[in-house]
Amino acid sequence: MMSLQKGDLLKYIPTSTVGKVTDVQERDGKVWVRLDFTDLYYDSEYLIAADPSEYIEVSYKERKTVYEGSMKSIEDVKREAEEVDVSEFMPSGGG
């Protein structure tokens, strides 16, 4: 097992999430590492060293405000679905 320290750049293999280590904790025999990119803890067994070129320095809070503006509510999605004119997508002419 590699030595994990705050500031290390790591990649979570299943999702390719790359972040800097902000905390390391051991619980129930597992080592959990928090990455700054998502502010979530990851099982260290699925982390590998990341190349600095893979790291995008954007905090979770900054990403959240960027995505909140582009997120649609369920009501908006339902309203858009009701407004779709399917005749635009129907084949015309004989077959």
Side-chain angles (χ1 to χ4, degrees):
M1 175 183 219
M2 69 177 126
S3 173
L4 301 170
Q5 298 178 1
K6 286 184 180 181
D8 287 348
L9 282 180
L10 299 177
K11 180 192 287 188
Y12 181 62
I13 299 167
T15 61
S16 295
T17 299
V18 176
K20 282 186 184 177
V21 175
T22 58
D23 189 31
V24 179
Q25 293 187 7
E26 186 174 343
R27 178 179 269 174
D28 300 326
K30 287 191 177 212
V31 177
W32 296 92
V33 178
R34 184 171 58 194
L35 299 180
D36 68 339
F37 191 74
T38 57
D39 205 30
L40 297 174
Y41 282 88
Y42 296 87
D43 184 342
S44 65
E45 290 183 35
Y46 300 100
L47 293 167
I48 59 172
D51 187 86
S53 66
E54 298 176 282
Y55 180 67
I56 300 169
E57 195 159 352
V58 176
S59 74
Y60 173 75
K61 290 178 183 176
E62 289 172 324
R63 281 191 318 113
K64 188 176 177 184
T65 57
V66 169
Y67 289 117
E68 280 178 351
S70 63
M71 295 288 284
K72 294 180 182 178
S73 70
I74 294 173
E75 290 77 23
D76 289 342
V77 173
K78 286 179 182 178
R79 187 172 28 261
E80 287 175 5
E82 291 171 357
E83 294 172 359
V84 172
D85 182 7
V86 293
S87 65
E88 296 175 16
F89 303 106
M90 301 296 289
S92 60

side-chain hydrogen bond (donor to acceptor under 3.5 Å, both in side chains) against S16, all qualifying residues, sequence neighbours excluded: none
Output all residues satisfying side-chain contact (heavy atoms from CB on, under 4.5 Å) with L40, sequence neighbours left out; order by chain, then residue number. T38, Y42
Has D39 got a side-chain atom pairing as donor or acceptor with D36's backbone, closer than 3.5 angstrom? no
So, using side-chain contact (heavy atoms from CB on, under 4.5 Å) as the criterion, who are the partners of D51 when residues are at least two apart? S53, E54
Under 4.5 Å between side-chain heavy atoms, counting indirect links through other Ile/Leu/Val/Met/Phe/Trp/Tyr residues: same cluster for V31 and L47 or not? yes
Residues passing the side-chain contact (heavy atoms from CB on, under 4.5 Å) test with P14, sequence neighbours excluded, are Y12, Y46
Mind listing the side-chain donor-acceptor pairs of residues 18-28 below 3.5 Å, one per line with the distance, residues two or more places apart or on another chain?
unit_1 : atom_1 : unit_2 : atom_2 : d
T22    : OG1    : R34    : O      : 3.3
T22    : OG1    : R34    : NE     : 3.0
D23    : OD2    : Q25    : NE2    : 2.9
D23    : OD2    : Y41    : OH     : 2.4
Q25    : NE2    : Y41    : OH     : 3.3

Could you tell me which residues satisfy side-chain hydrogen bond (donor to acceptor under 3.5 Å, both in side chains) with K30, sequence neighbours excluded, listed by chain and number? D43
Looking at every non-hydrogen atom in both residues, tell me the closest pair between L4 and S44 and how far apart they are. CD1-CB, 3.9 Å
